[in-house]
Structure formats: C-alpha cells, structure tokens
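Letters A, B, ... mirror the listed sequences (proteins, then strands); counts begin at 1. Keep in mind the model is a prediction, meaning the values are calculated, not measured.
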Protein chains: 2
Amino acid sequence: MQQSPVPPETPIYRRIADGLREAILSGELRDGDRLPGENALMAQYGIARATARQALSVLINEGLAVPRRGSGVYVRQFRPIRRHGSRRLSHGHWGRGRAIWDADTEGRPYTVDEVHVDRETAEEEIARVLGGPDVWVRRRRYSVDGRPVQLSVSYFPAGLVEGTPIVAEDTGPGGVYARLRELGSAPARFTEEVRARMPHPHETVQLDLPAGTPVIVIMRTAHTAEGTPVEVNEMVLDAASYVLQYDFDA
Amino acid sequence: MQQSPVPPETPIYRRIADGLREAILSGELRDGDRLPGENALMAQYGIARATARQALSVLINEGLAVPRRGSGVYVRQFRPIRRHGSRRLSHGHWGRGRAIWDADTEGRPYTVDEVHVDRETAEEEIARVLGGPDVWVRRRRYSVDGRPVQLSVSYFPAGLVEGTPIVAEDTGPGGVYARLRELGSAPARFTEEVRARMPHPHETVQLDLPAGTPVIVIMRTAHTAEGTPVEVNEMVLDAASYVLQYDFDA
DNA sequence: CAGTGGTCTAGACCACGCT
DNA sequence: GCGTGGTCTAGACCACTGA
C-alpha cells in the first residue's frame with residue numbers, strides 16, 4: 001500500500017504542483033480562477049489527502065495561489081504600484097509643497113492609518129547614523145484600495161525636530177521634508193538600501209500577507225547638502241504590490 | 001485522541017515555530033546552530049511527526065532555517081553582497097575600462113559561468129522597448145565564493161551589435177558598455193525596475209536556493225544620451241545574498 | 001448543510017549523513 | 001548502522017463559505 005516500487009524520479013506532489021504551475025504561468029488558469037481542490041486531486045490522482053495538500057502548499061508558498069477557507073484555492077494576481085526612487089525625488093516634487101508619496105500610487109488613492117509619533121531610544125545602527133540614540137519616531141501604515149501595502153518607520157534626531165510639527169501627527173503641507181527645509185536642514189542627498197526577505201509574523205499580520213509573499217525592505221537615509229543625516233526611514237513593502245523604479249545617469 | 005477539547009487560540013505547530021523563531025531572532029540560536037529535530041519536538045511536546053514537521057516547515061519557508069538530509073535543521077545565515085546602483089554607474093567606473101560588475105562584490109571575487117550568446121526573437125515587452133523583436137541575447141550566471149548568486153540576461157538590438165565583440169563570449173576589456181561606446185551608442189541613462197517574488201523552479205535550481213528564499217528581479221534599460229534604448233538587462237538575484245544601494249540627489 | 005481548507009494522529013518505507 | 005529529514009497513507013474533528 002506504499003508508493004510504487006520504483007521511486008518515481010520526482011515525488012507525486014511535485015509533479016502535481018508542476019502541472020498546476022504550468023497551467024498558471026501559461027495563462028490556462030487566470031487571475032482569480034479556482035484550482036482543483038484537495039478532494040479533486042485525491043480523486044484524480046488516487047492520493048491521500050496530505051499529499052494533495054502538499055502539492056497545493058507548494059504553489060501557495062510560491063505566491064502563485066491563495067487558499068480561501070471553505071471555498072477553495074485560487075490563482076493569485078499581481079497588479080503592482082510603481083514607486084519612483086531617484087526620479088521622483090530629483091524632480092522637485094516635495095519642493096513644490098507636495099509630499100513625496102503623492103507620485104507613488106500614480107493616480108490610485110492611498111490612505112494613512114495607524115500614525116504613531118514617539119520619542120524613543122534608537123537601536124545601534126540607527127543611532128550610529130543619526131549621531132546619537134535620542135530620536136523621534138514616526139510609524140505609519142499606508143493602504144491602497146483599502147488594502148495595507150506598506151509599513152514605514154522614520155527616525156529623526158531628537159535635538160533637530162523637538163517642538164516642530166514633525167513630532168505632531170499632522171506635519172502640514174509638504175510633509176516632513178518641507179518642515180526640515182524650514183529648519184534649514186533640507187534633504188539634498190538620499191541613500192536607499194534595498195533588500196528582500198520573507199516577512200516576520202507581525203509584518204504578515206499588519207500587511208495581511210498571504211503565504212509566499214516576500215517583503216521589500218528599504219532603508220533610506222536623507223542627508224543635507226552638508227552631508228548631515230537628518231532622517232532614516234525604514235519601509236517594509238508588500239512585494240506583490242510594488243515595483244520600484246530608479247532612474248539615473250551614467 | 002484529538003487535540004485538547006478547547007481549541008488553543010493558536011495551533012500547536014505555530015506556537016512551536018514561534019518559540020524557535022524567537023530563539024533565532026534573539027540570537028539564542030546563532031548562524032549554523034542546529035534546531036531541535038523532528039524526533040526531539042515529538043518527544044518534547046508529545047505531538048505526532050507530521051505536526052513537528054509542520055512547525056519546522058514554517059521556519060524553513062520563512063528563510064530562517066535550512067534542512068539538511070540525514071543531519072538536521074540549521075539556522076540560516078545572511079551575509080549579503082552590496083550592489084551599487086546609481087553611485088556605481090555615475091562615477092565612471094565603466095568609462096575607465098572596467099566592467100560594471102567589478103565594484104559589486106566589494107573585494108570578494110566573482111566568477112562567470114554558463115555564458116551563452118544567441119540570436120533570438122524577443123518577447124513582446126523587450127521588443128517594444130528595443131524597437132523590434134530581432135535581438136542578440138547574452139545569458140550568464142555569476143557566482144561568489146563558489147556559490148551562484150545571480151542570473152543575467154541581456155538583450156541588444158541585432159542591427160546595432162551584429163558582427164561586434166558584443167556577440168562574442170569574451171567582450172574584451174570594459175565589457176559590453178565599452179564596446180557600445182565604440183559603436184557611438186554609449187549608455188548615458190539607466191532605468192532600473194526592481195521587484196521581488198518567490199523563485200520559479202528553474203531559478204531555484206540554477207541559484208541553488210533553499211526554500212523560503214525570494215529573488216530580486218531587476219530590469220535595467222540602458223539609453224544613449226539621445227534616449228535610444230540599447231540594452232535591456234534582466235537580472236535575477238538570490239535575495240539572501242544581496243543588498244542593493246541607490247544614491248541620488250534631491 | 002454540504003463542501004472546503006486547517007489541524008492533527010499513528011503509523012509506513014525511503015535516501016541520505018555521519019560516525 | 002543508526003538517526004535524520006523526505007514522502008506517503010488513512011483516517012479524524014474543526015471552522016468557515018456559500019448556495
């Protein structure tokens with residue numbers, strides 16, 4: 001009653017997963033279509049329930065499918081937001097009284113929820129960059145079309161921003177960069193460090209991420225023209241919701 | 001013989017995974033340390049084998065642990081390569097007769113294997129950007145410390161590069177960009193589009209990726225000063241091996 | 001309320017590693 | 001050779017969805 005005497009070169013669950021993946025990538029199954037469920041696979045291939053689940057879990061962990069309780073497993077879609085890096089910042093958008101974030105959704109409205117502003121002691125890396133552990137922290141979450149897509153944590157040197165609108169929930173027109181300019185600390189140069197990894201549990205919850213979805217982590221440091229760092233901004237993006245764009249000269 | 005009468009708010013396998021994750025993230029378990037195996041978990045928590053496996057699979061799919069057959073499950077490490085985007089290209093490295101890739105490993109030697117140069121018909125998106133489907137394609141794989149870290153596919157308009165060293169395996173000093181300059185098509189502006197996703201099976205094989213490792217995909221388009229696209233380069237990076245850096249002015 | 005996915009048990013045989 | 005993870009079976013109870 002065990003598997004076939006000669007072990008097939010690839011396990012059954014993988015071959016099933018391969019077939020389903022092929023159907024998805026070839027377009028035979030489209031966005032939102034329903035995949036054959038556990039019972040269907042059991043019947044079709046004569047396998048046990050755990051094996052059918054294993055096949056489906058492959059696609060789920062690859063981010064190609066999403067399970068819905070009591071309903072089925074469905075093909076997942078990819079319709080990203082375009083986030084402009086260098087171009088966006090280099091065309092003076094924030095200088096014209098607009099928040100940077102304006103351009104990022106390219107027409108799609110975004111909302112900010114869960115704004116928190118606190119005075120904290122920064123961890124080592126942040127403290128090293130900002131010249132001390134004494135910081136104000138702005139945490140917020142962005143949503144597009146009602147779905148959370150980004151977590152953002154900004155750190156400012158406490159001595160610089162104390163008593164300014166930067167430590168208020170509403171920073172006023174133009175956002176924190178306009179306020180920094182008024183303080184004589186206008187950001188002039190940016191460094192963005194980008195990596196990708198699987199999300200931590202709290203990120204999975206806050207961004208409502210299905211299995212198989214990586215996050216993109218951007219650490220952005222803003223410097224004045226004199227080279228003084230005035231902000232470190234850690235952004236965690238739902239990788240399935242974003243394309244980053246950087247334009248630059250040779 | 002089923003689970004406890006009142007369902008615990010979080011499943012057992014999750015609570016076990018949470019505990020192990022905590023131990024990893026807090027540093028209690030360090031890079032390369034061995035996690036408790038399936039048998040250990042079964043004994044410690046009084047659970048069935050499949051449940052212990054499920055707990056471990058959570059960490060493996062999060063990229064925090066790697067299973068080794070016949071040995072155990074181990075804590076995974078993260079020691080990335082720094083890849084410079086805008087800074088690297090804007091400081092004239094390739095203009096001084098060096099390939100762009102020089103700076104990317106910051107001292108660590110890299111190797112190129114599996115170079116393939118072919119004439120092909122490009123897919124729609126590439127053809128649209130390059131002004132036609134007739135292209136030469138350079139495919140290669142890069143390794144650092146003997147481990148593959150990046151796949152790269154470059155597309156060039158056939159009419160531009162036909163008969164030049166660009167269609168040879170060895171492109172000569174300075175690489176393809178020096179050759180393009182000699183053709184009067186020096187790249188002057190770049191656009192990089194960056195996204196992250198879980199790897200496709202062939203990427204998993206070619207980059208030797210453990211489960212739970214996303215890939216970073218960079219689509220880079222090189223334009224001449226006149227704005228003519230002369231190259232589209234699709235790079236697929238092992239996300240656990242890279243940090244991308246972009247520097248730019250406001 | 002029938003069907004779906006989520007969790008769990010208690011077994012089995014296998015390939016592989018390390019000693 | 002023994003322990004490890006990899007694959008698989010045949011059941012079970014549960015929460016949830018949707019007609």
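- No donor-acceptor distance shorter than 3.5 angstrom exists from the side chain of Arg83(A) to the backbone of Tyr242(A), with no hydrogens or angles considered.
- The local environment of CD in Glu28(A) is sparse, with at most 12 non-hydrogen atoms from other residues, nucleotides or ligands closer than 6.0 Å.
- Looking at Arg138(B) and Thr171(B), their side chains never bring a donor and an acceptor atom within 3.5 Å of each other.
- Applying the 4.0 Å criterion to OP1 and OP2 of dC8(C), one finds that Tyr13(B) has every side-chain N and O outside that range.
- The nearest whole Å value for the distance from the CG atom in Leu56(B) to the C1' atom in dT4(D) is 12 Å.
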Report the C-alpha separation of Arg197(B) and Val217(B) in whole Å, then their side-chain angles, then the decisive distance to 0.1 Å, and conclude whether the side chain to side chain contact (heavy atoms under 4.5 Å, CB included) test is met.
CA-CA 8 Å; Arg197(B) 56 166 169 76; Val217(B) 183; 3.8 Å; yes
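- Of the residues in residues 59-74 of chain A, those with a non-hydrogen atom less than 4.0 angstrom from any atom of DNA chain C are Pro67(A), Arg68(A), Arg69(A), Gly70(A), Ser71(A), Gly72(A), Val73(A).
- Summarising the local packing, CD of Glu125(B) is surrounded by more than 12 heavy atoms from other residues, nucleotides or ligands at distances under 6.0 Å.
- Remark: Arg34(A), Gly37(A), Glu38(A), Asn39(A), Arg49(A) in residues 31-49 of chain A come within less than 4.0 Å of DNA chain C through at least one heavy atom.
- Each salt bridge (charged side-chain N to carboxylate O under 4.0 Å, His left out) pair with one or both residues in residues 56-70 of chain B, not counting sequence neighbours, appears once here: Arg21(B)-Glu62(B).
- No more than 12 heavy atoms of other residues, nucleotides or ligands shown are found within 6.0 angstrom of CZ on Arg14(A).
- Screening Glu114(A), His200(A), Gln150(A) against Gln206(A) for a side-chain hydrogen bond (donor to acceptor under 3.5 Å, both in side chains) leaves a single residue, Glu114(A).
- The phosphate of dT9(D) has OP1 or OP2 within less than 4.0 Å of a side-chain N or O from Thr51(A).
- Rounded to whole Å, the distance from CD1 on Ile16(B) to C1' on dC8(C) is 12 Å.
- Look at CD1 on Ile12(A): it is 15 Å from P on dC14(C), rounded to the nearest Å.
- Rounded to whole Å, the distance from CD on Gln54(B) to P on dG5(D) is 16 Å.
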